[in-house]
Protein chains: 2
Amino acid sequence: MSYVIEEILESLREARIRKGYSQRELSARTGIPQSHISKIESGSVDVRVSSLIVIARVLDTELFLIPKKLVPALTSIVRSHSDTEYDNRQISPAYTLDEHLDD
Amino acid sequence: MSYVIEEILESLREARIRKGYSQRELSARTGIPQSHISKIESGSVDVRVSSLIVIARVLDTELFLIPKKLVPALTSIVRSHSDTEYDNRQISPAYTLDEHLDD
DNA sequence: TAAAATTATATATAAAAACATATCATTTTT
DNA sequence: AAAAATGATATGTTTTTATATATAATTTTA
């Protein structure tokens with residue numbers, strides 16, 4: 001299985017989880033059998049593009065074809081908007097009402 | 001045929017032309033029969049994702065799955081780097097050796 | 001730890017892609 | 001205008017997806 005398809009399938013699964021859908025629910029929303037969705041996610045079938053698109057749409061995602069030279073820029077954007085990775089830098093309030101609180 | 005697949009197929013064809021490949025040459029480079037490439041480009045088959053990826057790779061493009069909310073940002077980037085649309089704004093040289101030339 | 005829900009696997013069948021190959025129609029080049 | 005290249009179409013065959021359905025295995029929840 002190619003790296004690209006692995007990436008796409010992983011993104012799909014992540015998107016499904018993020019929406020809180022089970023395979024059954026995704027099945028109901030797409031009309032694609034749960035058993036087949038399982039195979040698709042596991043990469044055990046060479047899915048047709050129409051199936052991919054139907055699933056993508058239900059998961060609020062979209063399939064794109066982009067020039068390779070733009071890949072770094074895009075991954076950067078996607079990464080920065082990712083919900084799985086979050087900003088945990090410490091910020092200091094400009095002032096506090098409760099000056100004795102520890103960090 | 002869905003809008004998304006139409007877009008992708010159009011991008012593929014454009015990318016092929018941009019590389020100066022005929023369907024025959026793309027066929028030779030991908031191992032996919034020319035007759036089938038013709039069908040794919042015309043949207044008369046529901047192409048499998050592996051075929052799409054093989055073709056995309058040869059054409060220096062890549063398939064991506066992105067959150068819908070990022071679509072505007074991405075289309076903007078892709079558009080600004082597009083080769084089909086080019087910058088034809090008039091620029092003025094800082095100086096000329098030939099001062100009597102008309103605009 | 002039971003029960004329930006979810007995911008993976010199995011089987012049989014139908015539908016469609018993908019293939020090899022050939023050829024026709026159209027466009028481009030010489 | 002003739003030759004060459006390109007793209008579309010046709011046919012028969014093979015391979016594989018996709019479907020329906022059931023059930024087993026695993027994970028989550030009560």
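Computation of the quantities below employed the complete heavy-atom set of this structure, encompassing side-chain atoms and omitting hydrogens, waters and symmetry-equivalent molecules. Proteins come first, then strands; the chains are lettered A, B, ... in the order of their sequence lines, and each starts at number 1. Note that the structure is predicted; figures quoted are calculated from it, not measured.
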Practice prompt. State which of D:dT19, C:dT7, D:dT6 makes the closest approach to the side chain of A:Pro33.
Written response: D:dT19

Worksheet item: In terms of side-chain heavy atoms of A:Arg13, which of C:dC19, D:dA18, C:dT7 is nearest?
Response: C:dT7

Discussion item. By nearest heavy atom, map B:Glu25 and B:Ser42 onto DNA chain D; which one lands nearer the 5' end?
Written reply: B:Glu25

Discussion item. Need to verify one output field. Residue with the more 5' nearest nucleotide on DNA chain D, B:Glu41 or B:Arg48?
Written reply: B:Glu41

Discussion item. With a 4.5 Å cut-off on side-chain heavy atoms, are A:Asp60 and B:Pro67 touching?
Written reply: no

Worksheet item: Do A:Phe64 and B:Thr75 have side-chain heavy atoms sitting under 4.5 Å apart?
Response: yes

Gap between atoms [atom1] and [atom2], on [X] and [N] respectively (whole Å):
X       : N      : atom1 : atom2 : result
B:Ile53 : C:dA18 : CD1   : C1'   : 16 Å
A:Gln34 : D:dA24 : CD    : C1'   : 12 Å
A:Asp46 : D:dA18 : CG    : C1'   : 13 Å
B:Gln23 : C:dA25 : CD    : P     : 18 Å
A:Lys39 : D:dA22 : NZ    : C1'   : 13 Å
A:Ile37 : C:dT9  : CD1   : P     : 15 Å
B:His36 : C:dA18 : NE2   : P     : 4 Å
B:Ile40 : D:dG7  : CD1   : P     : 14 Å

Fill in: OG-CD1 distance between B:Ser50 and A:Ile5, expressed to the nearest 0.5 angstrom
8.0 Å

Worksheet item: Could you give the distance from CD1 (B:Ile37) to CD (B:Glu25), rounded to the nearest 0.5 Å?
Response: 10.5 Å

Practice prompt. Would you mind telling me which residue lines up with the more 5' stretch of DNA chain C, A:Ser38 or B:Ser51, judged by nearest nucleotide?
Written response: A:Ser38

Discussion item. Please compare B:Val47 and A:Tyr21 by the position of their nearest nucleotide in DNA chain C and report the one closer to 5'.
Written reply: A:Tyr21

Discussion item. So, OP1 or OP2 of C:dA8: does either fall under 4.0 Å of a side-chain N or O from A:Ser35?
Written reply: no

Discussion item. Under 4.0 Å from OP1 or OP2 of D:dG7: is there any side-chain N or O of B:Arg16 that close?
Written reply: yes

Discussion item. Within the 4.0 Å heavy-atom criterion, would you say A:Ile32 contacts the bases, only the backbone, or no part of the nucleic acid?
Written reply: sugar-phosphate

Practice prompt. For A:Ser22, report the nucleic acid contact type (base, sugar-phosphate, nothing); a contact means any heavy atom under 4.0 Å.
Written response: sugar-phosphate

Worksheet item: Salt bridge or not for B:Arg13 and B:Glu41, using N-O below 4.0 Å?
Response: yes

